[in-house]
Structures are given as structure tokens and as C-alpha cells.
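Working notes, beginning with the structure itself.
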Amino acid sequence: MQATDWSSYAAVYDMIQAYNPAYQDLVARFEAEVRGWSLPSGRPIVDVGAGTGVFSLGWARAFPDHPVVHVEPDPGMNAV
């Protein structure tokens, strides 16, 4: 199996969110779902394999009183 070059993919990765209504709906449903969760106050939320941060930002919007830790090993994804 060939490894994915995530840094090259990162440049266009978020075009899915920007131009695909189905993906936009997925992100909106994710945020609506997690907003209903009860989390201990101030506890950090860790987004592992966070890519360009679309869902890290969703976590931050849903839980503004919690730090969100974005963990992504690929430098290209982090740069975006």
C-alpha cells in the first residue's frame, strides 16, 4: 500500500468544505451533535489526526470554554 502524501493533498483539502454542500451539512450535523454533549468544565478536547482543522474549529465553536488541542503530524496540513 502506497503512503498518502498529505502535504500535497492539504492544498486542496478544504475545497471539499468550501464547495460541497453535503460536506458542509456533515460539519453542521457534527457541531449540532456535539453541542448536546456534557463535558466537564474546562477540560481540553483533543482532535487527533485533525488535518486542516475543520473539526477542531467545530469543537471550538461548540465548546468555547474548552481548549481544543489540534494534533496533526503532517506539516502541510498544519500549514493550511
Side-chain angles (χ1 to χ4, degrees):
M1 186 168 151
Q2 201 171 28
T4 301
D5 181 2
W6 289 108
S7 286
S8 293
Y9 188 48
V12 296
Y13 192 77
D14 285 340
M15 289 178 69
I16 295 168
Q17 182 190 14
Y19 298 106
N20 185 326
Y23 192 78
Q24 293 166 0
D25 182 57
L26 172 71
V27 173
R29 286 186 293 129
F30 162 77
E31 287 187 41
E33 172 65 28
V34 300
R35 277 196 176 101
W37 295 2
S38 177
L39 300 179
S41 182
R43 279 280 181 84
I45 298 166
V46 181
D47 186 358
V48 178
T52 59
V54 171
F55 288 93
S56 294
L57 293 171
W59 283 113
R61 284 188 293 269
F63 296 99
D65 296 333
H66 293 261
V68 176
V69 180
H70 173 101
V71 179
E72 173 53 55
D74 185 82
M77 287 289 189
N78 283 317
V80 172

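- No donor-acceptor pair under 3.5 Å is formed between the side chain of Glu72 and the backbone N or O of Gly53.
- Linking ILVMFWY side-chain heavy atoms closer than 4.5 Å, directly or via other members, places Tyr23 and Val34 in a single hydrophobic cluster.
- One finds the CZ atom of Phe63 at 4.0 Å from the CG atom of Leu39 (value rounded to the nearest 0.5 Å).
- Of the possible polar contacts, one joining the Asp74 side chain to the Ser7 backbone as a donor-acceptor pair under 3.5 Å is found.
- At least one donor-acceptor pair closer than 3.5 Å links the side chain of Asp47 to the backbone N or O of Ser56.
- Taking the side chain as every heavy atom from C-beta outward, Val27 and Asp25 never approach each other to under 4.5 Å.
- Cluster annotation: Leu57 and Leu26 are assigned to distinct hydrophobic clusters (Ile/Leu/Val/Met/Phe/Trp/Tyr, side-chain heavy-atom contacts under 4.5 Å, transitive).
- Counted within 6.0 Å of CZ on Arg43, heavy atoms from surrounding residues, nucleotides or ligands total 12 or fewer; the atom is thus considered open.
- Minimum interatomic distance between Met77 and Trp6 (heavy atoms only, all atoms of both residues): CE-CE3, 3.4 Å.
- Ion pair Glu33/Arg29 not flagged as a salt bridge, since none of the NZ, NE, NH1 or NH2 atoms sits closer than 4.0 Å to an Asp/Glu carboxylate oxygen.
- Linking Ile, Leu, Val, Met, Phe, Trp and Tyr whenever their side-chain heavy atoms come within less than 4.5 Å puts Phe55 and Val12 in one cluster.
- Listed for the His70 side chain is a donor-acceptor partner under 3.5 Å among the backbone atoms of Gly51.
- A pairwise comparison of heavy atoms in Ala62 and Glu31 identifies CB-O, 4.4 Å as the closest pair.
- In terms of heavy atoms, Thr52 sits closest to Ala10 at CG2-O, 4.4 Å.
- Following chains of ILVMFWY side-chain contacts shorter than 4.5 Å, one can reach Tyr19 starting from Val54, so the two form part of one hydrophobic cluster.
- In terms of modelled atom types and a separation under 3.5 Å, the side chain of Asn20 and the main chain of Met15 share no donor-acceptor contact.
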